[in-house]
Amino acid sequence: MSGKRLVVDACVGSSSGYKEQYPESKYSREALLAIKNNHDHILVFTSELSTEWQNRASRFGTKFRAEMARKGRTSYVPDDAWRTLMGRCTRVLSTAAEIASFEKDFHLVAAALYTDRVIVSNEKNLPNHLISVRHDVSEVRDLQFGNPRIEEQICVDWLAAGAPVEIHRAVSSLTPL
């Protein structure tokens with residue numbers, strides 16, 4: 001089994017423990033378990049993402065992260081990675097709301113570009129923003145995106161299989177959510 005350095009959004013850690021968010025909670029939890037059970041996967045954090053996980057993760061998400069850290073399966077990337085790229089991306093977006101939303105989640109993009117180019121998130125806005133900028137900002141086109149909320153078991157199986165590169169997961173192939 002092979003694994004990847006994965007950028008897992010705090011929203012996955014947050015929703016993983018709240019049964020009232022079924023089925024999102026179920027598939028977020030199963031995605032985290034698939035990551036944990038593939039002993040080659042590593043969680044990647046920026047300091048911003050780490051803080052989001054600390055502030056938002058459910059009890060399940062907190063235990064998951066602690067276990068991954070205890071096993072040496074976490075790593076950190078520099079906060080300033082790819083900052084010039086954010087400006088290029090935001091110039092393409094049309095509204096102040098889109099720019100603010102993209103800037104809020106840009107650390108996920110930066111961390112993914114710095115590592116194995118994989119983002120796991122329940123967000124809809126981020127992939128839509130990346131779709132908007134992909135023709136002007138080539139660096140984002142090869143990012144792989146997995147969404148447990150939308151893909152459910154398909155995303156879990158993909159993570160369990162090592163998160164291999166799949167053409168339909170690339171930002172260059174995504175359709176708006």
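Residue numbers run from 1 in the order of the sequence given. Note that the coordinates shown come from a computational prediction; the quantities given were computed from them, not determined experimentally.
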Trace of the side-chain contact (heavy atoms from CB on, under 4.5 Å) decision for Ser16 with Phe64: CA-CA 10 Å; Ser16 66; Phe64 161 78; over 6 Å; no
Derivation of the side-chain contact (heavy atoms from CB on, under 4.5 Å) call for Val133 and Val171: CA-CA 10 Å; Val133 305; Val171 167; over 6 Å; no
Candidate pair Ser50 and Arg65, rule side-chain contact (heavy atoms from CB on, under 4.5 Å), full reasoning: CA-CA 10 Å; Ser50 179; Arg65 181 182 177 188; 2.6 Å; yes
Criterion side-chain contact (heavy atoms from CB on, under 4.5 Å) on Arg134 and Leu174, from CA distance to verdict: CA-CA 10 Å; Arg134 68 184 172 198; Leu174 295 178; 4.3 Å; yes
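Rounded to the nearest 0.5 angstrom, Asn125 CG and Leu130 CG are separated by 11.0 Å. Taken from OG in Ser172 to CG in Leu143, the straight-line distance is 9.5 Å, to the nearest 0.5 Å. Expressed to the nearest 0.5 Å, how far CH2 of Trp53 lies from CG of Asn55 amounts to 13.0 Å.
The hydrophobic cluster containing Ile119 also contains Met86, counting ILVMFWY residues as joined when their side-chain heavy atoms lie under 4.5 angstrom apart, directly or transitively. Leu93 and Val137 fall within the same hydrophobic cluster, where Ile, Leu, Val, Met, Phe, Trp and Tyr residues are linked whenever their side-chain heavy atoms come under 4.5 Å apart, directly or through other members. Under the 4.5 Å side-chain heavy-atom criterion for ILVMFWY residues, no single connected hydrophobic cluster contains both Leu108 and Ile42. Cluster annotation: Phe60 and Tyr27 are assigned to distinct hydrophobic clusters (Ile/Leu/Val/Met/Phe/Trp/Tyr, side-chain heavy-atom contacts under 4.5 Å, transitive). Note on Val120 and Ile150: separate hydrophobic clusters, where clusters join Ile, Leu, Val, Met, Phe, Trp and Tyr whose side-chain heavy atoms are under 4.5 Å apart, directly or indirectly.
In this structure, Ser58 contributes its side chain and Gly13 its backbone to a donor-acceptor pair below 3.5 Å. Of the possible donor and acceptor atoms, none in the side chain of Arg73 sits under 3.5 Å from a partner among the backbone N and O of Met68. Side-chain N or O atoms of Asn38 include none that pairs as donor or acceptor with a backbone N or O of Ala34 at under 3.5 Å. The backbone N or O of Leu177 lies less than 3.5 Å from no partner atom in the side chain of Lys124, so there is not a single donor-acceptor pair. Checked by atom type and distance alone, the side chain of Ser132 pairs as donor or acceptor with a backbone atom of Asn128 at under 3.5 Å.
For Asn122, the side chain to side chain donor-acceptor pair (under 3.5 Å) test picks out Ser15, Glu24, Ser28, with sequence neighbours left out. Residues forming a ring pair (Phe, Tyr, Trp, His ring centres under 6.0 Å) with Phe102 (at least two apart in sequence, or on another chain): Phe106. In terms of the salt bridge (Lys or Arg N to Asp or Glu O under 4.0 Å) criterion, Lys63 has no residue partners (sequence neighbours excluded). With sequence neighbours left out, Arg56 forms a side-chain contact (heavy atoms from CB on, under 4.5 Å) with Ala10, Cys11, Ser14, Glu52. With sequence neighbours left out, Thr95 forms a side-chain contact (heavy atoms from CB on, under 4.5 Å) with Ala97, Glu98. Under the side chain to side chain donor-acceptor pair (under 3.5 Å) criterion, Arg141 pairs with no residue at all, not counting sequence neighbours. Applying the salt bridge (Lys or Arg N to Asp or Glu O under 4.0 Å) test to Arg88 and every residue at least two apart in sequence or in another chain returns Glu139. Every side-chain contact (heavy atoms from CB on, under 4.5 Å) that Thr46 has, sequence neighbours left out, goes to Glu48, Leu49, Val77, Asp79, His107, Ala111.
Identified under the salt bridge (Lys or Arg N to Asp or Glu O under 4.0 Å) test for residues 100-123, with sequence neighbours left out: Arg5-Asp116. Here salt bridge (Lys or Arg N to Asp or Glu O under 4.0 Å) pairs that include residues 165-177, with residues two or more places apart or in two chains, are Glu151-Arg169, Glu166-Arg169.
What you find for Ser121 and Val12 is that their closest heavy atoms are CA-CG2, 3.9 Å.
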All N/O donor-acceptor pairs, side-chain side in residues 152-160, below 3.5 Å, sequence neighbours left out:
from   : atom 1 : to     : atom 2 : distance (Å)
Gln153 : NE2    : Asp157 : OD1    : 2.9
Trp158 : NE1    : Pro164 : O      : 2.8

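Through side-chain heavy atoms spaced under 4.5 Å, either directly or across other Ile, Leu, Val, Met, Phe, Trp or Tyr residues, Val165 is tied to no other residue.
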